[in-house]
Amino acid sequence: MDVPTYTPAEAPVPEGEIVVERGSTPQQLGPKFNRTAADVVRFLLQQGEMVTATQSLSDDMIELFALDVGAEVSLVDPGQEQEVELQRVLDIEDDEDVDTSDLPHRAPVITVMGHVDHGKTKLLDQIRNANVVAGEAGGITQHIGAYQVHLDGHDLTFIDTPGHEAFTAMRARGAESTDIVVLVVAADDGVMPQTIEAIQHAKAAEVPIVVAVNKIDRENADPNRVLQQLTEHDLVPEAWGGDTVVCEVSALENIGIDALLENLLVVAEVEDLRATADGRARGAVLEAHLDMGRGPVATVLVQRGTLRVGDPLVAGPAWGRIRALVNDRGEQVREAGPSTPVEVLGLSDVAQAGDSFVVAPDERKAKAVAETRERWHREASRARDASVMSHGARLEDIFAQIQAGEQATLNLIVKADVQGSLEAVIESLRKLERPEVRIGFVLRGVGGITESDIQLAATSSATIIGFNVRPGRQARELAELEDVEIRTYEVIYKLLEDIEAAMVGMLAPEFEEVVTGEAEVREVFRVPRIGSVAGCFVQSGTISRGSKVRFLRDGTIIWKGEISSLRRFKDDVKDVASGFECGVGLSDFQDLKQGDVIETFELREIPRV
């Protein structure tokens with residue numbers, strides 16, 4: 001049987017809708033329809049349009065040619081073709097998974113929510129038997145965490161979310177990524193504003209709520225009062241004839257934890273949670289940050305498919321081939337299936353917390369999609385902030401503008417340690433805007449405060465806000481030279497109080513942190529019965545024994561405490577001046593690495609003028 005041959009002009013066009021970017025040239029357009037560039041140029045010439053093979057075509061020209069060859073065309077903006085094609089692949093995969101009853105069971109994803117200081121983190125601490133409470137500034141969790149525990153042959157994945165009101169978006173993301181919500185309510189405090197908000201998030205996500213009435217060991221605990229308050233929000237306990245599972249626990253005394261876990265397994269069984277481990281992985285980015293040694297790191301929750309080392313990944317405007325996967329115990333793994341939280345290394349940039357991620361067909365497509373998203377994000381951000389940045393003022397000048405009857409604009413550069421914190425700070429600051437004062441964000445980013453941040457602040461009359469990050473010595477010196485104001489915070493309450501106070505001209509006298517010395521860790525020594533000692537070179541100022549100290553890694557604060565020992569050679573000394581080497585022992589910190597910076601400081605009370 002003879003196989004028919006086609007000339008280029010007779011070749012059949014591909015079936016279905018063909019995606020074409022606006023402004024395509026005949027060289028780009030022709031192959032999409034199984035035609036040559038010459039075919040496109042010849043057709044348009046017949047229509048009275050003189051074009052070359054490398055000339056951009058109008059929408060009308062593209063649609064006219066598509067009509068002539070009998071093709072269905074979809075015009076998209078430049079750069080979006082890969083995005084549309086990737087989404088089409090995902091839609092085809094979704095259509096294939098019609099019958100979920102044949103899919104294997106997966107671990108439930110459980111989000112722990114509740115009001116600040118009601119014991120969410122301590123509850124998780126008991127569940128996974130690891131202390132993560134100590135060292136959190138202000139006693140509140142400010143980063144999202146995901147952990148997996150094993151019980152009676154079953155896995156349960158827990159997501160911890162912050163309780164402070166500024167972290168609403170993070171809690172909302174937790175609810176959207178979860179199967180069951182554990183609502184923690186303190187028996188001595190009752191239902192509070194963030195408790196109500198957590199209930200609303202869970203209901204909006206249409207997931208079951210299990211209530212953990214915590215702190216029942218306290219003298220003034222009143223669990224019945226809590227149950228009564230919950231009924232006001234349509235959460236009626238099973239004991240009262242409702243369908244809400246309620247467990248009385250004490251995270252501090254480890255009471256009722258086993259019963260809570262057993263109830264969670266029962267709820268998960270009723271929910272009949274299933275997902276395929278086959279196909280390309282996709283899921284949600286829970287958190288992201290920049291690590292000095294490892295580069296951009298994203299904490300992700302796999303929701304379907306299996307994520308593997310070497311996969312080309314796209315997460316919002318970030319992309320890359322996965323270099324390593326790290327589980328919640330800090331172990332490197334080769335793959336992660338549904339309901340598994342892992343850290344992903346190898347991305348091109350810090351992903352956005354809350355973004356979805358997906359494994360792309362290849363690295364080229366992942367890069368193209370990510371670059372398109374990054375360009376659109378940048379343009380949208382520039383358009384949003386351009387109008388409020390042109391006549392901005394610094395924090396110290398803002399009240400003078402308000403008093404003069406002008407609409408003032410406060411220009412800010414905001415840097416934070418991780419993406420979730422940055423998002424929370426930005427959203428909280430936006431809520432402070434009033435008719436007489438607006439806020440313009442000149443720059444928002446993750447990582448330490450750099451010299452380029454200082455230069456940008458100087459040219460845009462901006463104040464720099466740092467959350468859990470610090471400027472380096474050169475950045476501080478440049479800020480002093482350029483008269484740029486830098487304000488650093490570790491607790492979001494204080495940050496918001498200061499900005500709001502500045503807006504009403506009520507900044508009270510405050511304590512100023514004055515850096516007294518800075519030393520770089522050149523070598524780390526392990527001393528028996530003492531632990532790690534940092535061999536340092538003092539770069540500026542004076543390092544003194546007993547001084548308050550910050551430990552910085554790539555500009556990010558990773559520990560605060562005091563210098564417990566200070567030595568020159570074999571002698572204990574009180575002070576070591578700039579230009580000399582010394583051995584530094586820290587009070588209760590052992591994670592020392594070469595290249596880290598030890599920064600000593602003192603607090604001086606200064607009046608606000």
Side-chain angles (χ1 to χ4, degrees), residues 110-145 147 158-168 170-171 174-175 180-203 208-264 267 491-494 496-497:
I110 303 160
T111 299
V112 183
M113 292 183 165
H115 191 74
V116 63
D117 198 34
H118 275 201
K120 300 180 303 300
T121 308
K122 186 62 181 175
L123 178 63
L124 273 174
D125 181 24
Q126 289 290 6
I127 289 172
R128 67 181 191 277
N129 196 25
N131 182 18
V132 297
V133 180
E136 288 180 355
I140 62 173
T141 308
Q142 296 184 335
H143 303 158
I144 199 165
Y147 318 92
F158 286 88
I159 299 177
D160 182 21
T161 63
H164 182 264
E165 65 177 352
F167 295 85
T168 300
M170 293 176 73
R171 284 201 299 282
I180 305 169
V181 165
V182 173
L183 182 67
V184 181
V185 189
D188 61 340
D189 206 7
V191 173
M192 300 296 283
Q194 277 79 59
T195 317
I196 299 171
E197 185 192 352
I199 294 171
Q200 293 169 342
H201 283 314
K203 286 184 175 180
I209 299 173
V210 174
V211 178
V213 181
N214 193 23
K215 303 186 181 182
I216 60 170
D217 55 302
R218 297 211 171 170
E219 290 184 9
N220 56 341
D222 189 354
N224 283 329
R225 170 173 162 266
V226 173
L227 300 186
Q228 181 61 49
Q229 291 175 327
L230 290 172
T231 60
E232 298 171 9
H233 299 280
D234 298 324
L235 295 180
V236 182
E238 288 179 327
W240 291 12
D243 56 4
T244 301
V245 177
V246 177
C247 301
E248 295 185 5
V249 302
S250 169
L252 188 64
E253 300 293 336
N254 199 14
I255 299 171
I257 305 299
D258 290 341
L260 173 62
L261 293 176
E262 289 168 5
N263 275 288
L264 289 173
V267 174
V491 178
I492 202 166
Y493 297 108
K494 180 61 178 170
L496 300 177
E497 285 174 3

Residue pairs meeting salt bridge (Lys or Arg N to Asp or Glu O under 4.0 Å), one or both in residues 218-246, sequence neighbours left out, come to D188-R218, K203-D234
Minimum heavy-atom distance between G114 and A198, given as atom pair plus value:
N-CB, 4.3 Å
From I209 CD1 over to H233 NE2, what is the distance, rounded to the nearest 0.5 angstrom?
11.0 Å
Apply side-chain contact (heavy atoms from CB on, under 4.5 Å) to V226 and list each qualifying residue two or more places apart in sequence or on a separate chain.
V185, V213, L230
List for me each residue that meets side-chain contact (heavy atoms from CB on, under 4.5 Å) alongside P237, sequence neighbours excluded, and say none if there are none.
L227, T231, W240, V246
List the atom of V267, the atom of V210, and the distance in Å for their closest heavy-atom pair.
CG2-CG2, 4.0 Å
Should V112 and I127 count as side-chain neighbours, where that means a heavy-atom distance under 4.5 Å?
no
Counting only pairs under 3.5 Å, give me each side-chain donor-acceptor contact of residues 251-264, with atom names and distances, residues two or more places apart or in other chains.
| unit_1 | atom_1 | unit_2 | atom_2 | d |
| --- | --- | --- | --- | --- |
| N263 | ND2 | A259 | O | 2.8 |

Gap separating the CD atom of Q200 from the OG1 atom of T195, nearest 0.5 angstrom
11.0 Å
Under the side-chain hydrogen bond (donor to acceptor under 3.5 Å, both in side chains) test, which residues partner D217, sequence neighbours left out?
S250
So, taking the atom named CG in D189 and the one named NZ in K215, what distance separates them when rounded to the nearest 0.5 Å?
7.0 Å
Using modelled atom types and a 3.5 Å cut-off, is there a donor and acceptor pairing between side-chain atoms of Q229 and backbone atoms of G190?
no
